[in-house]
Visitor: 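Handing you this structure, nothing more for now.
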Amino acid sequence: MKRLVIDTDPGVDDAEAIMMASVHPDASIEALTVVGGNVPLENTVPNTLKILDVLGEEAPVFAGSPGPLVSLPDEDAAFVHGSDGLGDAGLPASTRKVEEEHAANALVRLANENPGELSLIAIGPLTNVALATRLDPELPQKYKELIIMGGAVYAQGNTVNTTAEFNIFFDPEAAYVVFDAWPELTMISWEATMSHAIGPDQLKLLKNNDNPRGIFFDAISAKIIKFIKEVMGRDELFGADPLAMAVALEPDIVTKMAKHHVHVERFGGASRGQTIVDWNNRTGKEPNANIVLDVDMERFFDLFHAAVR
Ligand code: RIB
Ligand code: CA
């Protein structure tokens, strides 16, 4: 059984990833720690509670950092995910309550209560994970693994700093702390997301499934599907967080991976938030990232499809 702690900034694709974990027979969601990112924390926390309502999940939810460690970028991702972060679908508020404990403290406590047992998957900016790593420097040795959706390994990002991917760009200092302190994280990049896009025929299968999860998916994803079609001219869906979750749930779907040192650029103007990969091992620095390059697309889609059908 894969015991998951999910650090998240829901976020439409975060919701899809959480649904994938919830329906997977060999996974349990132990806790969710929430961070500001796609939209502010005052939206990402209630969104997480709403997602658990749809799923009937009882996992505890911990609110974390409202913003980056140092400076807030000029824009978040509301233009993609909707101002509420769930496609402006107008879903009813949850009556669930968030835990009192701060997410960073929860990440430390959970690791110390379950040494070597928990898989941490971070699908938002890394602020909570960085804070927890500073609170307990032995954290990387206490989690079974860290899988992140983040980074652009060929400098093809998705933010105004075109070489930077959103989760890293939103908090480069936090990402720097995590990449520097965790010796072997698994990294699912924006380029991997784009090269494993859900195509038109597959997208049709994700829609119009008459069950609470399928109806929820239709409601929250309509805006992002429209955005991709109208702005990017593509009848596809980019499942960044779902791809990271698929790798976490079934690591053997990865068909190509490379271990290299990844540096997070904090100071450049146009390059702030860039994840610079030492592809030729020229820096002499130890590899700190297992970079996922290719996965079995059919199996990825099956895991995504299972979340809504
Ligand atoms: O760049 C994609 C990532 O940024 C995803 O995690 C998405 O939810 C946003 O947080
Ligand atoms: Ca996310």
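Both counts, for ligands and for their atoms, begin at 1 and track the order of listing.
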Visitor: Suppose I only count heavy atoms of Met149 and a 4.0 Å limit; which atoms of ligand 1 are within that range?
Guide: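 Taking each heavy atom of Met149 in turn, ligand 1 has 2 (C), 3 (C), 5 (C), 6 (O) under 4.0 Å.
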
Visitor: Check Asn158 against ligand 1 and report side chain, backbone, both or neither, counting heavy atoms closer than 4.0 Å.
Guide: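 It is the side chain that gets close, since no backbone atom is under 4.0 Å.
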
Visitor: Got an N, O or S from Asp14 under 3.0 Å of the Ca ion (ligand 2)?
Guide: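 Yes, within the cut-off.
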
Visitor: Between the Ca ion (ligand 2) and Asp241, which N, O or S atom of the residue is the nearest one?
Guide: OD2

Visitor: Against heavy atoms of Asn167, which atoms of ligand 1 measure under 4.0 Å?
Guide: 3 (C), 4 (O), 5 (C), 6 (O), 9 (C), 10 (O)

Visitor: Would you please say whether a donor-acceptor pair under 3.5 Å links the side chains of Thr44 and Asp9?
Guide: no

Visitor: Can you tell me how the ring of Tyr154 sits relative to the ring of Trp279, calling it parallel under 30°, perpendicular over 60° and tilted otherwise?
Guide: parallel

Visitor: Could you tell me which atoms of ligand 1, counted from 1 in the order shown, lie closer than 4.0 angstrom to a heavy atom of Asp14?
Guide: 8 (O)

Visitor: Looking only at side chains, do Asn161 and Ser271 share a donor and an acceptor under 3.5 Å apart?
Guide: no

Visitor: Under a 4.0 angstrom heavy-atom cut-off, which atoms of ligand 1 come close to Glu165?
Guide: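 Going through ligand 1 atom by atom, the ones under 4.0 Å from Glu165 are 1 (O), 2 (C), 3 (C), 4 (O).
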
Visitor: Quick check: Ile123 and ligand 1, any N/O pair under 3.5 Å apart?
Guide: yes

Visitor: Inspect the contact between Glu117 and Lys2 and indicate whether a charged nitrogen and a carboxylate oxygen are less than 4.0 angstrom apart.
Guide: no

Visitor: Would Glu30 and Arg3 pass as an ion pair if we require N to O under 4.0 Å?
Guide: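 Salt bridge: yes.
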
Visitor: Taking atom types as modelled, is there a side-chain donor on His260 or Asp278 under 3.5 Å from an acceptor on the other?
Guide: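 No, no side-chain donor-acceptor pair sits under 3.5 Å.
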
Visitor: Restricting to N, O or S atoms, which atom of Asp9 is closest to the Ca ion (ligand 2)?
Guide: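 Going by distance to the Ca ion (ligand 2), the closest N, O or S atom in Asp9 is OD1.
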
Visitor: Would you say the Ca ion (ligand 2) has Ile123 as a near neighbour, meaning an N/O/S atom of that residue under 3.0 Å away?
Guide: yes

Visitor: Show which atoms of ligand 1 fall inside a sub-4.0 Å distance from at least one heavy-atom site of Asp241.
Guide: 5 (C), 6 (O), 7 (C), 8 (O)

Visitor: Is the contact between Thr193 and ligand 1 made by the side chain, the backbone, both, or neither, using heavy atoms and a 4.0 Å cut-off?
Guide: neither

Visitor: Check this for me: does any side-chain nitrogen of one of Glu101 and Arg109 sit under 4.0 Å from a carboxylate oxygen of the other?
Guide: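 Yes.
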
Visitor: Flag the pair Lys142 and Asp136 as a salt bridge only when some basic side-chain nitrogen lies within less than 4.0 angstrom of an acidic carboxylate oxygen.
Guide: yes

Visitor: Say whether Arg309 and Asn211, considering side chains only, have a donor N or O and an acceptor N or O under 3.5 Å apart.
Guide: no

Visitor: Which option out of Asn38, Val39, Asp13 puts a heavy atom nearest to atom 5 (C) of ligand 1?
Guide: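 Residue with the shortest heavy-atom distance to the ligand atom: Asp13.
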
